[in-house]
Amino acid sequence: MSRAVIIGAGIGGLAAGVALQRRGWDVTVLERAAKLDQVGAGLAVAPNALRVLDALGVGGRLRELAALQGAAGIQRPDGGWISRTDADRATARYGEPVIVVHRATLVDVLTEGLAPGALRLGLPAEDVDPATGQVVTADGSLTADLVVAADGLRSPVRAKLFPTHPGPVYTGVTSWRIVVPHPGGTLEPAETWGAGKVFGVATLGDGRVYCYATAPAPADGRADDEQAEMLRHFGGWHEPIPSLIRAATVVTRTDIRCLDEPLPRFHAGRVALLGDAAHAMTPNLGQGACQAIEDAAVLAAYAGDLDRYTAERLPRTSAVMKASRRIARMAGLSNPAAEWLRNTGMALAGRLGPDLVLRQMDPVLTWRPPAV
C-alpha cells in the first residue's frame, strides 16, 4: 500500500487525507497544534468545492450543518443596493448551492472522514527530504511515497523547495472576523463597500451570524480594543452593521497576505504543495478553502504523476488568485469618483441581465473534480 504523509491539518490537508484514503493510500496527517481548536469563523463552500466534498462522501453531512444562502448582493454604506443576485438562478446555473459553514464545522466533518489514528496532533514536521520522501519529527522520521505540504501561508516546506520565491506579500489591508447571535428578522447575505472598506454578513448553519470586515491599515498593526476599532471604521454604516459589531465578544484580526507571484510548480521530488502553501490568495472571491479542496481531489487522482498535478492546478489557481486580487482592488477603491463609476457600472450590469454577473463566475464555479 502506498503511503502519504500530510503536513498540516487545515481544510486542505484534511481533505487531501480523506481523498487519498478513498483511493487506497495509507495516510498520516501531522499537525503541530496539540488540538484542533474551534478557531476561525465562517467560510463559503461554493459549488466547485461542494462537488468534491460530495465525491468524498461528506457533502451530505456538511449540508446538514450549513446554511444555504439566499439572494445576496453588494450595498453602499447608506444601505442602498449596488447590485443583487438571485440565489435560485445561481443554483440552477451551477447545479449546486453556495452554503456557509463555520470553519470548525468543516474541519470536524473532514476529520471524521479520516481513518482512526491517521491524525497525529502535537507533532510538527521538522524537516522534509523531497528526494526520499523522509519527514523528520520529534518522534523520529517517516518515509512516504508522497509528502503533502499543506502547511499554510508561511509554509516552511515551500520556502525550502523554492528558496528564491518572494513568498507572501502584505496587501495593505487588514481584516476582522466575528461570530455573533442572530439579531432576528430577515438578514440577507451581503457585502457593503465604501471608502476602500468592506463589511460582509452571512448566516451560519447554527443560526449565528458570521461577519467579516476589511480596511486599509499598516502591516502588523493592532488596536488595544479591536471592537472599538471596528466601530471606528464601520459604526456609521447602515444597520445592522453597528449592532452586529457591538454584539461581538471575540474579535479576530488578521492582516491579509497572499502570493502575488505564482510558484514555478507545485511539486519537487516526492513533495506536493497544496492550499495556501501553494497559492495563498485574497479572500475576495471566497475561494481560498475551495481551491484547497479542489487541490485535494486532483492530487489524489494524480498522486503518481505530480507533473500532471502541477499542470492541472497551477494555471487554474493562478487565474483564481489573479481574479481575487482584481476584486480586492475594485472593492478597495476609495476615491469618490472612482467609487461612483464602479457602483454605476455594477448597477448597470445587474439591470442588463442577472445572468451577466453570474456568467463572470462560470470559470470558477463550473469546475468538476477529475473522474479517474
Report task. Hey, could you give me the CG/CG distance between Asp305 and Leu299, rounded to the nearest 0.5 Å? Result -> 11.0 Å
Query raised in the report: Can Leu121 be reached from Leu106 by stepping across I, L, V, M, F, W or Y side chains whose heavy atoms are under 4.5 Å apart?
Result: yes
Query raised in the report: Who are the side chain to side chain contact (heavy atoms under 4.5 Å, CB included) partners of Arg326, not counting sequence neighbours?
Result: Lys322, Ala323
Query raised in the report: Within a strict 4.5 Å, meaning less than it, do heavy atoms of the Val100 and Thr203 side chains meet?
Result: no
**Report entry** Counterpart residues, side-chain hydrogen bond (donor to acceptor under 3.5 Å, both in side chains), relative to Arg246 (two or more places apart)
**Finding:** none
Requested in this report: Take Thr174 and Thr214 through the test side chain to side chain contact (heavy atoms under 4.5 Å, CB included) and record every step on the way to the result.
Outcome: CA-CA 6 Å; Thr174 196; Thr214 62; over 6 Å; no
**Report entry** Worked check of side chain to side chain contact (heavy atoms under 4.5 Å, CB included) between Thr252 and Ile178
**Finding:** CA-CA 7 Å; Thr252 302; Ile178 58 175; over 6 Å; no
Query raised in the report: Closest approach of Arg342 and Ala331, non-hydrogen atoms and distance?
Result: NH1-O, 3.5 Å
Report task. Kindly state each residue pair satisfying ring-ring contact (aromatic ring centres under 6.0 Å, His included) with at least one member in residues 250-269, sequence neighbours excluded. Result -> Phe266-His279
Query raised in the report: Are any non-hydrogen side-chain atoms of Thr192 and Trp237 less than 4.5 angstrom apart?
Result: yes
Report task. Enter the distance from Ile245:CD1 to Arg232:CZ here, rounded to the nearest 0.5 Å. Result -> 12.0 Å
Query - Hydrophobic cluster membership, Val201 vs Ile82, 4.5 Å side-chain cutoff - result: no
Query raised in the report: Between Val209 and Leu187, which heavy-atom pair has the shortest distance, and what is it?
Result: CG2-CD2, 3.5 Å
Query raised in the report: Hey, is Glu312 close enough to Arg308 for a salt bridge, meaning N to O under 4.0 Å?
Result: yes
Query raised in the report: Are Leu62 and Val58 close enough, and set up right, to give a side chain to side chain contact (heavy atoms under 4.5 Å, CB included), and what steps lead you there?
Result: CA-CA 6 Å; Leu62 192 67; Val58 300; 5.8 Å; no
Requested in this report: For residues Thr282 and Ala328, report the shortest heavy-atom separation together with the two atoms involved.
Outcome: OG1-CB, 4.1 Å
Requested in this report: Could you check Thr254 against Ser175 for side-chain hydrogen bond (donor to acceptor under 3.5 Å, both in side chains), going step by step and ending with a plain yes or no?
Outcome: CA-CA 5 Å; Thr254 308; Ser175 71; 4.6 Å; no
Query raised in the report: In chain order, what residues pass the side chain to side chain contact (heavy atoms under 4.5 Å, CB included) check against Glu126, with sequence neighbours excluded?
Result: Val136, Ala138
**Report entry** Contacts of Arg313 that satisfy side-chain hydrogen bond (donor to acceptor under 3.5 Å, both in side chains) - sequence neighbours left out
**Finding:** Gln291, Glu294, Asp295
**Report entry** Value rounded to 0.5 Å, distance of CD in Gln21 from CG in Leu114
**Finding:** 5.0 Å
Query - Leu274/Tyr309 under side chain to side chain contact (heavy atoms under 4.5 Å, CB included): CA gap, chis, key distance, verdict - result: CA-CA 10 Å; Leu274 181 148; Tyr309 170 65; 4.0 Å; yes
**Report entry** Leu110 CG to Leu36 CG distance, which is reported to the nearest 0.5 Å
**Finding:** 11.0 Å
Query raised in the report: With no hydrogens and no angle check, do the side chains of Gln287 and Asn48 hold a donor and an acceptor under 3.5 Å apart?
Result: yes
Requested in this report: For residues 130-157, pull every pair meeting salt bridge (charged side-chain N to carboxylate O under 4.0 Å, His left out), keeping only residues two or more places apart or in separate chains.
Outcome: Arg120-Asp139
Report summary line: All heavy atoms of Arg23 vs all of Pro370, minimum pair found to be NH2-O, 4.2 Å
Query raised in the report: Same hydrophobic cluster for Val364 and Leu259, using side-chain heavy-atom links shorter than 4.5 Å among ILVMFWY?
Result: yes
Report task. Quick one: pull up OG1 in Thr137 and CZ in Arg32 and give me the separation to the nearest 0.5 Å. Result -> 12.0 Å
Query raised in the report: Any side-chain heavy atom of Gln75 sitting closer than 4.5 Å to one from Trp193?
Result: no
Query raised in the report: Of all heavy-atom pairs between Ala289 and Leu43, which one has the smallest distance, and what is that distance?
Result: CB-CD2, 4.3 Å
Query raised in the report: Using 4.0 Å as the upper bound for N to carboxylate O, is an ion pair formed by Arg84 and Glu188?
Result: yes
Requested in this report: Quickly, which of Leu146, Val27, Val135, Leu30 forms a side-chain contact (heavy atoms from CB on, under 4.5 Å) with Ile6? Name it, please.
Outcome: Val27
Query raised in the report: Checking Ser324 side chain against Val320 main chain: does a donor-acceptor pair fall under 3.5 Å?
Result: no
Query raised in the report: Got a sec, which residues hit side chain to side chain contact (heavy atoms under 4.5 Å, CB included) with Val98, two or more places apart in sequence or on another chain?
Result: Ala44, Pro47
**Report entry** Ile256 with Met330, same ILVMFWY side-chain cluster at under 4.5 Å
**Finding:** no
Query raised in the report: Got a sec, which residues hit side chain to side chain contact (heavy atoms under 4.5 Å, CB included) with Asp362, two or more places apart in sequence or on another chain?
Result: Arg93, Tyr94, Arg359, Thr366
Report summary line: Contacts satisfying ring-ring contact (aromatic ring centres under 6.0 Å, His included) that involve residues 142-181 (not counting sequence neighbours) are Trp176-His233
Query - Glu239: salt bridge (Lys or Arg N to Asp or Glu O under 4.0 Å) partners, not counting sequence neighbours - result: none
**Report entry** Ring geometry between Tyr212 and Tyr210 (parallel below 30°, tilted from 30 to 60°, perpendicular above 60°)
**Finding:** tilted
Query raised in the report: Taking all atoms of both residues into account, what is the closest heavy-atom pair of Pro242 and Leu231, and its distance?
Result: O-CD2, 4.0 Å
Report task. Would you give the length of the straight line joining atom CG of Asn284 to atom OG1 of Thr171, rounded to the nearest 0.5 angstrom? Result -> 8.5 Å
Query raised in the report: Would Glu96 and Arg63 pass as an ion pair if we require N to O under 4.0 Å?
Result: yes
Report task. List, by chain and then residue number, the residues other than Met1 in its hydrophobic cluster (Ile/Leu/Val/Met/Phe/Trp/Tyr, side-chain heavy atoms under 4.5 Å); write none if there are no others. Result -> none
Report task. Please answer: with hydrophobic residues joined when any side-chain heavy atoms are less than 4.5 Å apart, are Val180 and Phe199 in the same cluster? Result -> yes
Query raised in the report: Do Gln134 and Thr143 have side chains that get closer than 4.5 Å, going by heavy atoms?
Result: yes
Query raised in the report: Does any pair with a residue in residues 260-289 pass salt bridge (charged side-chain N to carboxylate O under 4.0 Å, His left out), and if so which ones, sequence neighbours excluded?
Result: Asp260-Arg325
